[in-house]
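Comments concern the structure below.
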Amino acid sequence: SPAGYSMLGDYFPKHQLGRAIGLFTGFTFVGSGLALMFIGALLAALGNTDEIVVPGIGPVADWRLAFVVAGALSLGFAALMLTVREPPRGGVAPQSGEQDGIGAVLGFIRANASLFVPLFAGLPLLAAANFGLNAWAPTVFIRIHGWTPAETGQILGLMLMCFSAV
């Protein structure tokens, strides 16, 4: 996330920034893998229960309860983010006191088109492929290989955590 990278740039000195960004990016996959494993374990614990009655919500299918639990845990992490303080901004204003406008930015992009065009075209395609893979991989293993949702979460979560860093 751009805001996260910006904050890291302000929190860490240049000689530590590479490691900080690497950990920030790498733990995204660890978190995604843990989420799959957690939801897989939750589905395994629920077994083949058709519906669970949740106070205040009513009857919920087991797979929907997994979303409710994940959302509730996310609220806890969101509350934890309230403890993160905005660092003082460093290096954002030019020394001369003049601000470069959008024309200067577009001129820089145009002058470096051989770098930016592939990035601006390729990164959205890569993101779309990753989102599609993450959305449909569990379904493929369930439909084609006969895995249960619990097995799928455990195995794909472990694979995501172990092999995303490679």
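Computation of the quantities below employed the complete heavy-atom set of this structure, encompassing side-chain atoms and omitting hydrogens, waters and symmetry-equivalent molecules.
Counting heavy atoms from C-beta on, the side chains of Phe120 and Ile109 come closer than 4.5 Å. Side-chain contact check for Thr148 versus Ile142: every heavy-atom pair is 4.5 Å or farther apart.
In this structure, Leu126 CG and Phe131 CZ are separated by 9.5 Å, a value rounded to the nearest 0.5 Å. With rounding to the nearest 0.5 Å, the separation of CD1 in Ile155 from NE2 in His145 is 10.5 Å. Here OG1 of Thr152 is found 6.0 Å from CH2 of Trp147. Values are rounded to the nearest 0.5 Å. Rounding to the nearest 0.5 angstrom, the gap separating the CG atom in Leu125 from the CG atom in Asn130 is 11.0 Å.
Residues Phe108 and Leu115 share a single hydrophobic cluster, defined by chaining ILVMFWY side chains whose heavy atoms lie under 4.5 Å apart. Note on Leu123 and Val105: same hydrophobic cluster, where clusters join Ile, Leu, Val, Met, Phe, Trp and Tyr whose side-chain heavy atoms are under 4.5 Å apart, directly or indirectly. Following chains of ILVMFWY side-chain contacts shorter than 4.5 Å, one can reach Leu73 starting from Val54, so the two form part of one hydrophobic cluster. Residues Ile57 and Leu75 fall into different hydrophobic clusters, defined by Ile, Leu, Val, Met, Phe, Trp and Tyr side chains chained together at heavy-atom separations under 4.5 Å. Hydrophobic clustering of Ile, Leu, Val, Met, Phe, Trp and Tyr side chains at less than 4.5 Å, counting indirect connections, unites Val30 with Leu23.
For Phe27, the CZ atom is loosely surrounded, since the number of other residues' heavy atoms within 6.0 Å does not exceed 12.
Using a 30° and 60° split on the angle between ring planes, Phe24 and Tyr5 fall in the perpendicular class, above 60°.
Scanning both residues, Leu65 and Ile52, for their nearest heavy atoms gives CD2-CD1, 4.0 Å. What you find for Pro138 and Asn134 is that their closest heavy atoms are CD-O, 3.5 Å. A pairwise comparison of heavy atoms in Phe29 and Met161 identifies O-CG, 4.1 Å as the closest pair. The minimum heavy-atom distance linking Met7 with Arg85 is given by the pair CE-O, 4.0 Å.
Checked by atom type and distance alone, the side chain of Gln154 never pairs as donor or acceptor with a backbone atom of Glu151 at under 3.5 Å.
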Under 3.5 Å, which donor-acceptor pairs link side chains of residues 32-45 to any protein atom two or more places apart or in another chain?
from  : atom 1 : to    : atom 2 : distance (Å)
Ser32 : OG     : Thr28 : O      : 3.0

